[in-house]
Amino acid sequence: MRVTTSFPLGTLRDTPSEAEIISHQLLLKAGYIRRVNSGIYAYMPIMLRVIEKISTIIERELNSIGCTKLLLPQLHPADLWKKSERWEGYTAGEGIMFNLKDRQGKEFGLAPTHEEVITSIASEIINSYKQLPQCFYQIQTKFRDEIRPRFGLMRSREFIMKDGYSFHSSGNDLASFYEKVGNAYSNIFKSCGLQTVGVEADSGAIGGASSKEFMVTADAGEDSILFTESGSYAANIEKAVSIPSQPIPLKDSISGVLETPQQKTIQEVCKNNNFEPSQIVKVVVFLAKLESKSEVPILACIRGDQHINEVKLFNLINNLHNSNLLKLQKIEDKNIIEKNLVNFPLGFIGPDLDNEIIKADSGWNKKWTRIVDHSACNLSKFISGANKVNFHKVFQEFSFSSKDYTIDDIRNAKKGDKVKNGNDEELEEKKGIEIGHIFQLGQKYSEKLNAKFSDKDGQLKNLWMGCYGIGVTRIAQAAIEQNHDQKGICWPIQISPFEVIVIPTNLKDPIQKDLTEQVYNVFLNNKIDVLLDDRDDRAGVKFKDAELIGIPFQIIIGRDSVNKEVELICRKNNTKLKISTDKLLKTFISESEIMYNRDS
RNA sequence: CGGGGCGUGGCGCAGCUUGGUAGCGCGGGUGCUUUGGGAGCACUAGGUCGCAGGUUCGAAUCCUGUCGCCCCGACCA
């Protein structure tokens, strides 16, 4: 491809001010993407080549384990989503799905994911166990109405994703295929030149039993992952389970009610009264909004030195009540408190907060749903709010094990915690970018959408399902986050838009010009992805651009053209080889082979 | 939705406090010079200063409203 006749590179001299993280800055500066609106980007020709390379790698690996590519619609009828009971949650609750009405007033959603559509189609074409297993996938644009799009392609409202859905006759078959996909994913990310870790994850709104995320480790990542150095354990912080540190026991001499004026936080109480955070039980109040429209107040207790994991809490509440939980919010808004509660001692709440405090005329459930974390329920003596403003008190022999309290894990695991009893390994923490997620959905969707097959025994049974996602555009950006330097991007060769760029330094010199054409054509004829920077610009400009856009190899055609000699430069480590054009192709092929093999 | 910031040519920004009808660098075009690390000189095109009201003889500048964008938080297949 020639720069002059195919597309303007569109590189920028200055870094656009809107971009915060390096990968986003480089994508814009090097002309890969253009912002059209918040979270909406155009993929320029050079970007599309990256996307296509990633897609090809994904297709190769998935096809090799028996997956089949297809293409599904993006405009989904609301009816289908109502059958799976996700319409409300995805529009009213989380509001993650763009939705609209057609001229007849029929409702539609712009697809953020495709379980409903694929399941309904699969149920039509799969009749017998003899046709199983099946796995379909597609690579296309997804839509999500993000509350706050950010970091370029990392969290955008339109993004390209590979999503796959598998169908099985049994849970065992699903589990083994899930493993196979997990392996294929590892191959894919390795083939893309990325360093990833697989972690246990929460399955979120998609639901299902088992779920694993693939993370690119990078400081710019939005997720926290906890892992042991040996690799024996790795999980997303949303899911991670650990043993909390030992609490420091309270002195025997302390008892009764304590005056704690204005001391609303754990820190203030500790500082003013000489306590340790682990001697306090923190009580946080939430309001749970259910799909059945009922609103349930929640009282969550945890040891003072620990933090509540709202994802765990969300899932727990979801299981505790019959209706789907749409939203969980902290109760802290003054108006909401005044409207629904009487003399609410915010900042001084204890685990025994009375149900009477909920106003009779409030729309809330009249009883607190009381939840206590393991870290708090074993304390024999602790400090907590006295349910009276400016007072705390000492709780002794307080029993959480009455049936009023649900005891469970609602705690954030953290760096330094032990993984489990009898294992001395400590958790470490890193930031990660989620680029892949696989789920064992089980029969959740097939049940709702009535997707059945005839099994060996002649019985109609629900299909077992798995679903598997890869963020294609996210991979591209994550790769830059992991592979760049002061000068710009350093693409892993596997997903670079071009393998090599030919840079003639002076096209006015007929010898250089002839040699350039000769070299370019040799590479073209040998099916190498080569870009020819045939712009009539100064050499320095072309060098800078080549470095910025990050092509792994540069061939400089210059002064030594008279001797049929050129330079082959490796972008990443800046090594230069001066070689004659006779040996150029062979040398390039062996050098690039090394690079392909090292990274994949 | 809460907190903070910003909207001035394609990009990065100044001007606003103290009103007088727009400027700098990069980029674009033309010409000459230059030619292995984002060149030099000259000429040139390009902006109703986000939008709408208001104050004023006069508004990019002051006031009110509104829209948009970015960052932090909440939220997150």
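Per chain, numbering begins at 1; letters A, B, ... match sequence-line order.
- Relative to the side chain of A:Leu12, the nucleotides B:rC11, B:rC1, B:rC70 differ in distance, and B:rC11 lies closest.
- With a cut-off of 3.5 Å on both pairing distances, the Watson-Crick or G-U wobble partner of B:rC43 is B:rG29.
- Nearest nucleotide to the side chain of A:Phe159, out of B:rC72, B:rA39, B:rA77: B:rA77.
- Ring centroid separation for the pair A:His168 and A:Phe177 comes in under the 6.0 Å cut-off.
- Base pairing analysis places B:rA14 opposite nothing; no Watson-Crick or G-U wobble pair with both distances below 3.5 Å involves it.
- Looking only at side-chain heavy atoms (C-beta outward), A:Ile503 and A:Ile557 stay at 4.5 Å or farther from each other.
- A gap of 24 Å separates the P atoms of B:rC13 and B:rG20, to the nearest Å.
- Not a single donor-acceptor contact under 3.5 angstrom links the side-chain atoms of A:Arg150 to the base of B:rC70.
- Comparing B:rG9 with B:rU18, their P atoms are spaced 26 Å from each other, to the whole Å.
- Summary of the strand contacts: A:Glu238 and A:Pro149 both lie near RNA chain B, and taking for each the nucleotide with the nearest heavy atom, the more 5' one is attributed to A:Pro149.
- To the nearest whole angstrom, the two C1' atoms, one in B:rG15 and one in B:rG47, are 15 Å apart.
- Between A:Arg538 and B:rU35 there is no side-chain polar atom (N or O) within less than 4.0 angstrom of OP1 or OP2.
- Nucleic acid contact class of A:Ile556 (heavy atoms, under 4.0 Å, all strands): base.
- Summarising the geometry, the separation between NZ on A:Lys312 and P on B:rC76 is reported as 15 Å, rounded to the nearest angstrom.
- Rounded to whole Å, atom P of B:rG7 lies 15 Å from atom CD of A:Glu18.
- Nucleotides B:rC49 and B:rU8 have their P atoms positioned 11 Å apart, rounded to a whole Å.
- Contact annotation for A:Glu567: base contact, defined as any heavy-atom pair under 4.0 Å involving a base atom.
- In this model, the phosphate group of B:rC69 is approached by a side-chain N or O of A:Asn37 to a distance below 4.0 Å at OP1 or OP2.
- Counting non-hydrogen atoms under 4.0 angstrom, A:Phe143 reaches nothing in the nucleic acid.
- Across the C1' atoms, B:rA60 and B:rG50 are found 12 Å apart, a figure rounded to whole Å.
- Looking at heavy-atom distances under 4.0 Å, A:Pro112 makes no contact with the nucleic acid at all.
- Between the base of B:rG25 and the side chain of A:Asp14 there is a donor-acceptor pair shorter than 3.5 Å.
- Ring pair A:Tyr32/A:Tyr43: centre-to-centre distance not below 6.0 Å.
- A 3.5 Å limit on both hydrogen-bonding distances identifies B:rA52 as the Watson-Crick or G-U partner of B:rU64.
- The aromatic ring centroids of A:Tyr165 and A:Phe136 lie 6.0 Å or more from each other.
- Under the 6.0 Å distance and 45° angle rule, A:Arg155 does not count as a cation-pi partner of A:Phe151.
- In this structure, A:Lys508 atom NZ and B:rG36 atom P are separated by 11 Å, rounded to whole Å.
- The listed nucleotides are B:rA74, B:rU35, B:rG37; the one nearest the side chain of A:Ile147 is B:rA74.
- If you take atom C1' in B:rC51 and the same atom in B:rG46, they sit 22 Å apart, rounded to whole Å.
- Within the structure, a side-chain polar atom (N or O) of A:Ser17 is placed less than 4.0 Å from OP1 or OP2 of B:rC13.
- Taking the P atom of each, B:rG10 and B:rC62 are spaced 24 Å apart, rounded to whole Å.
- Dashed line: the shortest gap from a side-chain N or O of A:Thr505 to OP1 or OP2 of B:rU35 is not under 4.0 Å.
- For the C1' atoms, the distance linking B:rA74 with B:rC63 amounts to 34 Å, nearest Å.
- When heavy atoms are screened at a 4.0 angstrom cut-off, A:Glu310 is found touching the sugar-phosphate backbone but no base atom.
- Not less than 6.0 angstrom separates the ring centroid of A:Tyr468 from the ring centroid of A:Tyr137.
- At least one side-chain nitrogen or oxygen of A:Arg148 sits closer than 4.0 Å to the OP1 or OP2 atom of B:rC71.
- A:Lys142 comes within contact range of no nucleotide atom at all, as no heavy-atom separation falls under 4.0 Å.
- B:rC75 is unpaired under the Watson-Crick or G-U wobble criterion, no partner having all donor-acceptor distances under 3.5 Å.
- A:Phe167 has its ring centre no less than 6.0 Å from the ring centre of A:Trp464.
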